[in-house]
Amino acid sequence: MMTISELQVKDIVAIEDGKKLGYITDLEIDVDRGYIVAIIISLRGKMFGLFGKDEEMIIPWNHIVTIGADVILVRTENPRMTHTSRTELE
């Protein structure tokens, strides 16, 4: 069994081009059925997450190819992108 905190420290890497995408920032969970629907990753390139807009990519759980010791390999075809404005510092 693996904890959420163990997932959060792994690099997310696209299998199509080997590009590091970021880290897991959240999970989409189906609470009625008790399983993970998708992982939500914050994309690299933000200025420490303090200013501007967050850019997130939602990867469906069935697009995870493998979870290794240090990385999670994902297929990135047709991911959902979201943009969230931050109005205050965290």
Side-chain angles (χ1 to χ4, degrees):
M1 184 172 358
M2 185 174 297
T3 65
I4 293 172
S5 60
E6 289 173 326
L7 285 175
Q8 288 179 309
V9 297
K10 297 178 186 293
D11 285 322
I12 308 298
V13 177
I15 63 166
E16 293 86 359
D17 58 8
K19 180 180 175 186
K20 288 184 183 179
L21 301 174
Y23 296 94
I24 294 176
T25 56
D26 206 352
L27 299 173
E28 187 176 319
I29 299 174
D30 182 331
V31 293
D32 294 328
R33 295 189 179 116
Y35 66 86
I36 299 171
V37 175
I39 59 173
I40 302 169
I41 59 174
S42 183
L43 299 177
R44 296 175 149 223
K46 295 187 312 180
M47 185 182 289
F48 307 110
L50 299 176
F51 305 106
K53 294 183 177 184
D54 285 346
E55 189 170 34
E56 296 177 330
M57 180 183 289
I58 300 171
I59 305 286
W61 188 257
N62 63 358
H63 284 207
I64 295 176
V65 176
T66 190
I67 299 174
D70 298 322
V71 299
I72 299 173
L73 299 177
V74 298
R75 289 190 324 269
T76 57
E77 63 214 26
N78 302 320
R80 294 186 322 220
M81 299 289 286
T82 63
H83 301 278
T84 306
S85 295
R86 289 192 183 209
T87 56
E88 58 188 38
L89 297 178
E90 293 182 333

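In this structure, CD1 on Ile41 lies 12.5 Å from CG on Asp26, to the nearest 0.5 angstrom. Atom-to-atom distance recorded for His63:NE2 and Ile15:CD1 is 10.0 Å, nearest 0.5 angstrom. Distance check: Thr3 OG1 to Gln8 CD gives 8.5 Å after rounding to the nearest 0.5 Å. Note that the CD1 atom of Ile72 and the CD1 atom of Ile12 stand 3.5 Å from one another [nearest 0.5 Å]. Taken to the nearest 0.5 Å, the OG1 atom of Thr76 stands 6.0 Å off from the CE atom of Met57. Atom CD in Glu56 sits 6.0 Å away from atom CD1 in Ile40 (nearest 0.5 Å).
No side-chain heavy atom of Lys10 sits under 4.5 Å from any side-chain heavy atom of Ile24. Using a 4.5 Å heavy-atom cutoff, the side chains of Ile39 and Leu27 are in contact.
Both Ile67 and Ile29 are members of a single hydrophobic cluster when ILVMFWY side chains are connected at heavy-atom separations under 4.5 Å. Hydrophobic clustering (ILVMFWY, side-chain heavy atoms < 4.5 Å, transitive): Ile64 and Ile36 are in one cluster. Residues Val31 and Tyr35 fall into different hydrophobic clusters, defined by Ile, Leu, Val, Met, Phe, Trp and Tyr side chains chained together at heavy-atom separations under 4.5 Å.
Put simply, the side chain of Thr66 never gets that close to the backbone of Leu73: no donor and acceptor are under 3.5 Å apart. Although no hydrogens or angles enter the test, the distance criterion places no donor-acceptor pair under 3.5 Å between the side chain of Asp11 and the main chain of Val13.
Applying the 6.0 Å contact sphere to CG of Asp70 captures no more than 12 heavy atoms from other residues, nucleotides or ligands.
The two atoms that bring Ala38 and Pro60 nearest to each other are CB-CA, 3.9 Å, heavy atoms only.
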